Amino acid sequence: MKKVRLLGICCNWSPFACYNAAGMAQMKMPDNFRLIRVMCIGRINQALILRAFEYGADGVILLECNDEDCRYGPGPEIGHENVNRVRKLLHLLGIDQERLVEKSFAAHEREELVSALWDFVGKIEALGPVTEQEASAKYASLGIADDVTDTTRIAEFPPRRK
Amino acid sequence: MDKKIDSIIQDRFLYQCLECGKCTAVCPRRLTGKEYSPRLLVHKVIVEREDEAFIENAVWECLTCEICSEHCPSGVQFSGFILEMRELLAETKGLKGYRAHDGAIHSWMRMMTAPELKQNRLDWVTDDLKTASQGDVAYFVGCAPYFDIFFAGIEVDTLAIARDSIRLLNFLDIQPVLIPDERCCGHDLLWTGDRENFERLQKLNYKTFKDAGIREVIVSCPECYQILSEYMPKVIPGFDLKITLLLDLIQKEVHKGGTAFEPLKRRTTFQDPCRLSRMLDRSAGPRDLLTRIPDMRFAEMEHSGRNAICCGNSAFINCDAHSKQIQVQRLQEAKSTGADLLVTACPKCMIHLTCAMRDRLKQGNLKMEIRDLMSVLADQIKPYGG
């Protein structure tokens, strides 16, 4: 199977609490994706999601709070709208809309989060890379590393004890 | 690097600068209170080149609207100078300049450089539009389908321009080919210094046209026309496509006779896009066509034709408070003509001015209907005596 590049964009509150709890419980998580933590998914706009695809991501997952749980108010709603529009742009560009996934979680749903991640990884691996072309060479000058399977690079997460 | 700058200065006639300062006096950035001076940039790049920070900033901040060259008594090609400096700086120091909309527009343009791209860009074609699947003549849609989605939030209908252009072509008995794999013309990449990806787009587009057996490409957007007719031949050796601006085509047909216009009882004014009026020198065309519409009262803004003020932004970089100020001033000028319909000819003018109309602080008193020239003409044109 071809290596795919995956990016998770994670809200600092509920989803990151789940992610943290899952890590503390040493649940097995997919290691071929990178996680970016933001204070609120409302911070992410269309351009930033599109940029991930421009830089060679094969799948992007937005992990966000439930609509009513947002600490700031409209965060997840902004997320829905952005995902909607970026999906349409991806469709225009001939990229499968399913490569952009949006999931919301309550703060205690660590199992759901982990299984959502596994589903996401499985789905994108089945779809394969967006292009045959190696994006890494093209963007090497931007300082974006090629090797995304290196687990120590994922977020601020310490390496798991074996 | 110094040698390259020297040759740019030579090629763009910067040594002929008299330091009269007319360029600074008309620069829309300066008029809205920004500390920006084309004259000072020319001075620094010639004699004070060590002030790199200043030069770099000033090069990226220009709107490239070319109104300075319009007023320059010694023919300094300022926009050309900016273009080449941006290419040089992008090569040596990296792409800079604040990208509006976080660079999403440039993102999808770069994504289009992938050779195996399979776009779904023709979903908007409705049944009433007659298009051919094969033929000599293509219509270049450009970024309209992308803008339509991206700018849905400000309710601007850029696809209407494409639909109405095809309706006009149908009226002239032309059934254009719409190419499913055409890419962006690359205007914004060129003007933000990304030469490499710009050239890649030119090569891909040219190959797509050739593979589809196209001989003539009709373009409605002035930016696309400028790129396809002036810059693409420089990239492609043996370029042999005929590029036609839809405005020219309609003007020619109207002059031949056989067409007339339905009356439109509106008071209109025209926003000249910088590429159309100054760079392509076609400010007379839209006026010629608009004034033929019966019952329409056409009023000029204070700054019009080759002297028109920019819509505040170009190539989607450097949108800031000063850009907004330019747009607000422009809309106030349009309002003061008493017009209730603002006509323009470039989708970007339409996007930028629509955005400014929605300024909350102005409480909607800048609102006026804005339409593309092609839409107005497509609604009014009819056969002579028909």
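Being a predicted model, the structure only gives us computed values, none of them experimental.
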### Task
Applying side chain to side chain contact (heavy atoms under 4.5 Å, CB included), run through B:Phe140 and B:Tyr225 and close with a yes or a no.
CA-CA 9 Å; B:Phe140 191 80; B:Tyr225 178 74; over 6 Å; no
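Looking at B:Asp211 and B:Lys207, a side-chain N of the basic residue comes within less than 4.0 Å of a carboxylate O on the acidic one, giving a salt bridge. The pair A:Lys103-A:Glu64 fails the salt-bridge criterion, with no side-chain N (NZ, NE, NH1 or NH2) lying under 4.0 Å from an Asp/Glu carboxylate O. With salt bridges taken as basic N to acidic carboxylate O contacts below 4.0 Å, none links B:Arg167 and B:Asp128.
Here the rule is side-chain contact (heavy atoms from CB on, under 4.5 Å) with B:Ser165, and of B:Ile218, B:Leu129, B:Leu246, B:Asp372 only B:Leu246 fits it. A side-chain contact (heavy atoms from CB on, under 4.5 Å) with A:Ile9 is found for exactly one of A:Leu48, A:Ile44, A:Ile61, namely A:Ile44.
Residues of residues 179-188 of chain B having a heavy atom under 4.5 Å from any heavy atom of chain A: none. Among the residues in residues 147-159 of chain B, those with a non-hydrogen atom closer than 4.5 angstrom to a non-hydrogen atom of chain A are B:Ile149, B:Phe150, B:Ala152, B:Gly153.
Here B:Glu87 pairs with B:Arg195 under the side chain to side chain donor-acceptor pair (under 3.5 Å) rule; sequence neighbours left out.
Checked by atom type, the side-chain pair B:Ser107/A:Tyr55 shows no donor-acceptor distance below 3.5 Å.
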Please table the atom pairs, donor to acceptor, closer than 3.5 Å between any side-chain atom in residues 91-101 of chain A and protein atoms at least two apart or in another chain.
from: A:His91; atom 1: NE2; to: B:Asp123; atom 2: OD2; distance (Å): 3.0
from: A:Asp96; atom 1: OD1; to: A:Glu98; atom 2: N; distance (Å): 3.1
from: A:Arg99; atom 1: NH1; to: A:Asp58; atom 2: O; distance (Å): 3.0
from: A:Arg99; atom 1: NH1; to: A:Gly128; atom 2: O; distance (Å): 2.8
from: A:Arg99; atom 1: NH2; to: A:Gly128; atom 2: O; distance (Å): 3.0

